[in-house]
Amino acid sequence: MTNSAKMVLQQSDQPLTVTILVLPEASLMSLAATLDPMRAANRITGQDPYRWKVVSFDGQPVATSCGLRVEVDAAFDPREGCDLLIVVAAFNATRHASPALVAAVRQGARHARMVGGVEAGSWVLAMTGLLDDRRATTHWEDFEDFAARFPQVQVIPDRWIVDGPVLTTGGAVPALDFMLALIRARQGFAAALNVASLYVYDETRLPSDAQPLVSMGRVGQQEPRLAAAVRIMEEHLDAPLPIRAIASRTGCSVRTLEGLFRSVVQTPPGAYYLSLRLQAARRLVVDTRLSMAEIAVRTGFSSVASLSRAFRRHYGHPPSAARRRLQA
């Protein structure tokens, strides 16, 4: 980590200046998880340890992914220095990241002690070259595509990563985890704990904790065999395992595993496994331009016809219709 980045992540009484660049279709929750902990820290400490500015590329309000428009303070000025520049993005980040925006972020990073990408903000940073030869993460839905698009980046499925002067997070809650870590480093453990308490948030995770496809929460603590089975399913979407093999890996019988799924998830393990694969297929249909054949391979279906039949039974229409609706 560079000396300037270390200054961001160390105890200090000096206000930290933060610029948050929000792209269209960004997640409102990711923006709030990045911004509001600083507001809370200011309130709790009774001082002004964080000063922030929310900007868009052109200075106009930004429509988030839920449709709510966010007012911004100004247009992004890459020549204006700050301690921490954070890019928040989600859907269609590469489309919204025009060459001019990418150039502006690259220039802005030169005037910041540290630069970060929240959720698909990692894509924007990768497009600038700031992630070359560095470890980085992004939202778990995009790991494969991100790694294929940016082979020079070492993609790791951690919740958040700081590598030198660059930080990346996997989504809204990992962004909150990072902001709590930032507050802990600068204002101390008690301040970070008090901020977390404002949100009734007691699930703070380590940065190196892997991003799950399904957040098990306290169920994972109460039924670790069920949580282990779900994790195994997540790891084998492209080559589904027999339920018997999953039960064996979790150290229980098929009957016991079926009982756990019926009592907690209210569905048999086989049906739950299929729903995970179909959810993954739908994300690829809606959010990518992959062919149906490639989507079938990635989600463990033997053919496009097999995928289409299962998709229709689950969603009431074939995958091609889901893609047409998006394009309409």
Same apolar cluster (I L V M F W Y, side chains within < 4.5 Å links), [X]/[Y]:
| X | Y | value |
| --- | --- | --- |
| L260 | M233 | no |
| V166 | F143 | yes |
| V297 | L290 | no |
| V70 | M38 | yes |
| F91 | L23 | no |

So if I apply the side-chain contact (heavy atoms from CB on, under 4.5 Å) rule between S253 and each of L257, T250, T256, which one comes out positive? T256
Check whether any side-chain heavy atom of [X] lies under 4.5 Å from a side-chain heavy atom of [Y], and answer yes or no.
| X | Y | result |
| --- | --- | --- |
| V155 | F150 | no |
| C82 | V18 | no |
| P49 | N42 | yes |
| T34 | I20 | yes |
| H111 | L85 | no |
| S56 | F76 | no |
| L167 | F178 | yes |
| F57 | P24 | no |

Report the C-alpha distance between R43 and D36 in whole Å, list the side-chain angles of each, state the deciding distance to 0.1 Å, and finish with yes or no for salt bridge (charged side-chain N to carboxylate O under 4.0 Å, His left out). CA-CA 11 Å; R43 173 191 169 192; D36 204 63; over 6 Å; no
Give the intermediate values and the outcome of side-chain hydrogen bond (donor to acceptor under 3.5 Å, both in side chains) for residues S30 and E119. CA-CA 7 Å; S30 288; E119 200 167 331; 2.6 Å; yes
Scan side-chain atoms only and decide if D83 and T17 contain a donor-acceptor pair under the 3.5 Å cut-off. yes
Would you say the side-chain atoms of [X] pair up with the backbone N or O of [Y], donor to acceptor, closer than 3.5 Å?
| X | Y | answer |
| --- | --- | --- |
| Y315 | A322 | no |
| H314 | A310 | no |
| R186 | M7 | yes |
| T267 | A271 | no |
| R312 | H317 | no |
| S122 | T137 | yes |
| D158 | W160 | no |

Working note: Q154 + R134, criterion side-chain contact (heavy atoms from CB on, under 4.5 Å); need CA distance, chi angles, decisive distance, verdict. CA-CA 6 Å; Q154 185 181 352; R134 295 190 184 279; over 6 Å; no
Go through it in stages, so that I can follow the logic: the residues are L16 and L182, the test is side-chain contact (heavy atoms from CB on, under 4.5 Å), and I'd like the CA-CA distance, side-chain angles, deciding distance and then a yes or no. CA-CA 10 Å; L16 188 78; L182 174 68; 4.0 Å; yes
Nearest-0.5 Å distance that lies between atom [atom1] in [X] and atom [atom2] in [Y]:
| X | Y | atom1 | atom2 | value |
| --- | --- | --- | --- | --- |
| M29 | T64 | CE | OG1 | 11.5 Å |
| I232 | I246 | CD1 | CD1 | 6.5 Å |
| L84 | R113 | CG | CZ | 11.5 Å |
| R283 | T299 | CZ | OG1 | 10.5 Å |

Report, as yes or no, whether the 6.0 Å neighbourhood of atom [atom1] on [X] holds more than 12 heavy atoms from other residues, nucleotides or ligands.
| X | atom1 | value |
| --- | --- | --- |
| Q152 | CD | yes |
| R282 | CZ | no |
| R39 | CZ | yes |
| D48 | CG | yes |

For V124 and A97, work out which heavy atoms get closest and say how close. CG2-CB, 4.2 Å
Can you list the steps and then say if Y50 with Q187 is a side-chain hydrogen bond (donor to acceptor under 3.5 Å, both in side chains)? CA-CA 11 Å; Y50 297 94; Q187 281 74 47; 2.6 Å; yes
Check against side-chain contact (heavy atoms from CB on, under 4.5 Å), V118 and V87: CA-CA 6 Å; V118 170; V87 181; over 6 Å; no
H96 and E25: CA distance, side-chain angles, deciding distance, side-chain hydrogen bond (donor to acceptor under 3.5 Å, both in side chains) verdict: CA-CA 9 Å; H96 297 305; E25 296 188 83; 2.8 Å; yes
Ion pair check, [X] and [Y], cut-off under 4.0 Å:
| X | Y | answer |
| --- | --- | --- |
| R255 | E258 | no |
| D142 | R149 | no |
| K53 | D73 | no |

How are the rings of F261 and Y272 set relative to one another: parallel (under 30°), tilted (30 to 60°) or perpendicular (over 60°)? tilted
Dump the intermediate steps for side-chain contact (heavy atoms from CB on, under 4.5 Å) on R277 and D238, then the final yes or no. CA-CA 8 Å; R277 292 163 54 209; D238 59 340; over 6 Å; no
